[in-house]
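Structure, as structure tokens:
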Amino acid sequence: MFLDTETIRADFPILSQKVYGKPLVYFDNAATTQKPLSVIRKIEEVYSTINANIHRGVHRLSQLATESHEEARKTVQRYIHASSSNEIIFTRGTTESINLIASSFCRSQCKAGDEIIITEMEHHANIVPWQIQQDITGIAFKVVPITETGEIRLEDLEKLISPKTKLIALTHASNVLGTINPIADVVRLAHSQDVPVLIDAAQSVQHIPIDVQALDCDFLVFSSHKMYGPTGVGILYGKENRLEQLPPYQGGGEMIANVTFEKTTYNELPFKFEAGTPDYVGSTALGEAIRYIEKIGLENIYFQEEKLLQYATERLLQIDGLRIFGTSKQKGPVISFLVKGIHPYDMGMLLDHLGIAVRTGHHCAQPLMNVLGIESAVRASFAFYNTEAEIDILIAGIERIVKMF
């Protein structure tokens, strides 16, 4: 399948600018993606034409803004194939979605000594919330090791499951290694022992199709800003029966049914978990971002990004002293690497002066860095608007820096 990349790039105004006099080459898509004009214009449209607080007003603008927000919820439901829009909770991002589950789930479903299972490749957002709950409720968590290629083995996971296991929480795709985990197999294994599963889809939902009903996962979380939408908006999907079992995460505003000084009763799903005024402008723009993805087609996106990943991998491995971290067979469009003798920060800064944006550091995965035996790495991550010509510019830039050192 062929994508007209030149036409697509015209939809993203930021890609036409220059950095230090050089054409921008943006390879930091795993951190955040750029935004198409349709999303930018949707934000302007909402503020210009229907801006009003939602759910609470009888006037026309409030009704229109409410309809726009709730239509976005239905768009998300369709995109991930949830059975009901009641299962779609708006949050501020993947991180808040995980914190919501960690807080509400542990408070209601766990006691001291109960266990949560995660993996060695998790982002801090799927580590720290459980550590906070460890301090509050006395839970423990176990960690599934990774192989030399950056994968997990189901037999290693199965060994960690015990009668005390209350939840398995793992990433669908690693933001460092690119590894795509076998989450369908994980869910089947977990459910065979009556253990629910939370999937962090922040690095997958924009690249490959996800059907939460087919996967049968209990919870799934992701962020708008990594899928061509605005910042500050996230999604928590939860099976309706699972969400009904959980107490609210925050109080006030839309999450109430009735309030007295003696007692408060809570609203029905999904509003029970949406305290205060939501980012209805952001949610509407997320809906527009999803429509843009659907117009391009996830199959086309996957094909283009897989082609870029393979091309970049082959070119990078031709550079002497360069090591790639994460070599699993199933991998997303992410390459983390180091060049012998060159600090990743030096590499990142020098590439920046060539107009090339890559990520350097521990990528919010310090425990994984410790497992890999490094402190930090350079990461190039691709989106469907990137090109092989841009990868050539990256390769030329790295080779130039290697000569300097």
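Since this is a predicted model, take the numbers as computed values, not measurements.
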Taking all non-hydrogen atoms of both residues, which atom of [X] and which atom of [Y] are closest, and how far apart?
X      : Y      : value
Leu368 : Ser174 : CD2-OG, 4.4 Å
Gly229 : Val39  : CA-CG1, 4.3 Å
Lys272 : Asn267 : CB-O, 3.3 Å
Lys35  : Pro13  : O-CD, 4.0 Å

Does a donor on one side chain sit under 3.5 Å from an acceptor on the other, for [X] and [Y]?
X      : Y      : value
Thr284 : Ser68  : yes
Thr66  : Gln63  : no
Asp216 : His191 : yes

Between [X] and [Y], is any pair of side-chain heavy atoms under 4.5 Å apart?
X      : Y      : result
His172 : Ile210 : yes
Thr137 : Arg107 : no
Leu246 : Phe219 : yes
Asp28  : Arg379 : yes

[X] with [Y]: basic N within carboxylate O range, under 4.0 Å:
X      : Y      : value
Glu44  : Arg41  : no
Glu6   : Arg9   : no
Arg56  : Glu254 : yes
Asp279 : Arg92  : no
Glu288 : Arg291 : yes
Lys164 : Glu115 : no

Does [X] reach the main-chain N or O of [Y] with its side chain, forming a donor-acceptor pair under 3.5 Å?
X      : Y      : result
Gln203 : Ala30  : yes
Glu87  : Glu240 : yes
Asn181 : Ile183 : no

(message) Is the distance between the ring centroids of Phe325 and Phe337 under 6.0 Å?
(response)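 Phe337 vs Phe325: aromatic centres not under 6.0 Å.
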(message) Are Tyr228 and Phe384 an aromatic pair, judged by ring center distance below 6.0 Å?
(response)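 Yes, they do, as the ring centres are separated by less than 6.0 Å.
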(request) Drop me the distance from Leu100's CG to Ile89's CD1, to the nearest 0.5 angstrom. (result)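 Result: 8.0 Å between the selected atoms.
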(request) Would you please classify the geometry between the His69 ring and the Phe90 ring as parallel, tilted or perpendicular, with 30° and 60° separating the classes? (result)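 Phe90 vs His69 ring planes: tilted.
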(request) Check each of Asp11, Asn29, Thr5 against Tyr385 using the side chain to side chain donor-acceptor pair (under 3.5 Å) test, and report the only one that passes. (result)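 Passing option: Asn29.
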(request) Give me the one residue out of Val19, Leu350, Leu394 that meets side chain to side chain contact (heavy atoms under 4.5 Å, CB included) with Ile356. (result)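 Of Val19, Leu350, Leu394, side chain to side chain contact (heavy atoms under 4.5 Å, CB included) with Ile356 is met by Leu394 alone.
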